[in-house]
Amino acid sequence: MLETPEQSAAGRFDTVLIANRGEIAVRIQHACRELGLKTVAICSEADREAPYGSTADRFLCIGPSSAAKSYLNQDAILLAARLAGAGAIHPGYGFLSENAAFADAAEKAGLTFIGPTSSSIATMGDKISAKRAMMAAGVPCVPGPDTALPDDPDTIERIALEIGYPVIIKAAGGGGGRGMRVVPKADVLHEAIALTREEARKAFGSPSLYMEKFLEHPRHIEIQVICDDHGNAVWLGHRDCSMQRRHQKVVEEAPAAGIVPDIIQPVGMACVQACLQIGYRGVGTFEFLYEDGAFYFIEMNTRLQVEHPVTEMTSGVDIVQAQIKAAQGHVLDLNQGDVTCEGHSFECRINAEDPNSFLPSAGVVTHLALPTGPGIRVDTHIHAGYKVSPYYDSLIAKLIVHAPTRAEAMARMREALAGTEVEGISTNIPFLRALFEDGAFAQGETDIHYLEQWLKLRRAA
Ligand code: MV4
């Protein structure tokens, strides 16, 4: 094959090992096949019967049910890739998707890691270096230093006073809600720092902390980017992911209600600028808090996200295909001017969980009905007779709708939820149906605390 300037030898591959399971393993297989790529599926012993195995070109069992011994087992995955002749690894989300050492090990083994460089992953994995990179690129950040907290108590107190209480102490190695503590006033500052530092040392192997202004009622808005290896980057729109419980998103939408193009556009362009400045490659998500009309960067995710479909619906871009093509070294085939945001999209995460305790509900799906109709998409790996195992994440399906307006998309989701039946295990479907009847949600009047408050009220009623 002739080498074209669009495609470097480094990124050339014809077989992709998908280092994941569940709905995302299915989603990535679709993208690979449409691009003419062969697929290698892997599984743990618990997933031997999973249908995503039989649709792949190869299917290898790489270890016992425990994720630590299978989907997180780097050596087993690299060995499977070698045995099956894969030229690339797609990590999906979760598991090894944001593990810089794994990305490095894959590249050293001569495999293309479908994601950013291990150095980009490491920079964003350290929340202080991420913030420093973003401030340097002109991305608006939460007030507070982009350096680790010093040890000197007086200096720490001065930083807190300068920011203004309440402040939040966060671990550099944390993220996604782990390793953080709110400090309402000065008299509990040092105690909060000592506790968070000990937790950080234990959980992340690093005692490094930083301090920010604590925003009390923000929304969680994120910006999706896609970049190639040739200095091109675009943002594909924004999403609202405020509907969460204990840092687990439940409903996501694109675009965010009430956030007009004029106010989000400069933020999107700053994200693009940051990508170019750090030499980012592939897909990424910039997470922001949005409060009183202003955006504040908090973290960057260097992986494909669970909620990428809502942006696919509004932008018309197949984000997984674009990600794979970027890893192949292709030049991005769209400019910022080509990116549009059409209509409105919602995603509901359907979880196999107890409606009261929220604990995972394992067992056999005895009956399954999935909704059909215009503007309805279901991303799932399950079928009637499927055995939901207790070992992994409780996500069993994603219900995605797209309609011209937000109100129409909500109506379409109500219709889609009405047409969804899962029997044999407990799911959060009844609760999602109730949520889509909620008036404040319909008005777009929610923030990151809304769902937990709503659940509390509902339980009391
Ligand atoms: C914050 C914050 C308020 N102020 N930072 C939680 C997850 C992690 N990504 C960052 N998080 C937060 N950082 C400042 N300066 C509130 C949260 C937060 C949150 C953020 C997004 C979505 C849900 C959340 C739930 C609780 C707290």
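Note that ligands are numbered from 1 as they come in the structure, with each ligand's atoms numbered from 1 the same way.
- Among all protein heavy atoms, the one lying closest to atom 7 (C) of ligand 1 is Gly177 N, 3.2 Å.
- The single protein non-hydrogen atom nearest to atom 21 (C) of ligand 1 is His220 ND1, 3.5 Å, given as residue, atom name and distance.
- Every N/O-N/O distance between Val142 and ligand 1 stays at or above 3.5 Å.
- By the 3.5 Å distance cut-off applied to N or O atoms, Glu212 is counted among the residues near ligand 1.
- Considering only non-hydrogen protein atoms, atom 4 (N) of ligand 1 sits nearest to Leu215 N, 2.9 Å.
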Given Phe295 and Tyr290, is the ring pair (Phe, Tyr, Trp, His ring centres under 6.0 Å) satisfied, shown in steps?
CA-CA 5 Å; Phe295 291 90; Tyr290 174 74; 4.6 Å; yes
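- Shown in contact with Lys170 at under 4.0 Å from a heavy atom are these atoms of ligand 1, numbered in order with element: 1 (C), 5 (N), 10 (C), 13 (N), 14 (C).
- Considering backbone and side-chain N/O atoms, Gln244 never comes within less than 3.5 Å of an N/O atom of ligand 1.
- The heavy atom nearest to atom 26 (C) of ligand 1, out of those in Met243, His247, Met180, Arg245, is found in His247.
- If you check the side chains of Ser44 and Tyr392, you find a donor sitting under 3.5 Å from an acceptor.
- Distances from ligand 1 to the non-hydrogen atoms of Gly176 include at least one value under 4.0 Å.
- Of all protein heavy atoms, the one closest to atom 15 (N) of ligand 1 is Lys213 O, 2.7 Å.
- Cation-pi geometry between Arg197 and Phe204 is not met: the NZ or CZ atom fails to fall both under 6.0 Å from the ring centre and inside 45° of the normal.
- With respect to atom 16 (C) of ligand 1, the closest heavy atom belonging to the protein is Ile448 CD1, 3.9 Å.
- Nearest to atom 2 (C) of ligand 1 by heavy atom, out of Ile163, Asn301, Asp447, Leu289, is Leu289.
- Each of the atoms 14 (C), 15 (N) of ligand 1 lies under 4.0 Å from some heavy atom of Ile168.
- A side-chain N or O of Asp47 and one of Tyr71 form a donor-acceptor pair less than 3.5 Å apart.
- Using a 4.0 Å cut-off to heavy atoms of Ile298, the atoms of ligand 1 that qualify are 9 (N), 10 (C).
- Of the residues listed (Glu347, His220, Glu222, Glu253), the one engaging Arg239 in a side chain to side chain donor-acceptor pair (under 3.5 Å) is Glu222, and it is the only one.
- Tested against Arg201, the residues Pro207, Ser206, Ser208 include a single side-chain contact (heavy atoms from CB on, under 4.5 Å) partner, Pro207.
- We find the NE2-CD1 distance between His190 and Ile193 to be 6.5 Å, quoted to the nearest 0.5 Å.
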Taking it one step at a time, do Tyr93 and His308 satisfy ring pair (Phe, Tyr, Trp, His ring centres under 6.0 Å)?
CA-CA 11 Å; Tyr93 52 68; His308 75 275; 7.9 Å; no
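- At a 3.5 angstrom cut-off on N or O pairs, Glu299 counts as close to ligand 1.
- Few gaps surround CD on Gln321; more than 12 heavy atoms of other groups in view lie less than 6.0 Å from it.
- Taking the centre and axis of the six-membered ring of Phe358, the NZ or CZ atom of Arg245 falls inside the cone set by 45° and 6.0 Å.
- Remark: ligand 1 atoms within the under-4.0 Å shell around heavy atoms of Glu287 are 9 (N).
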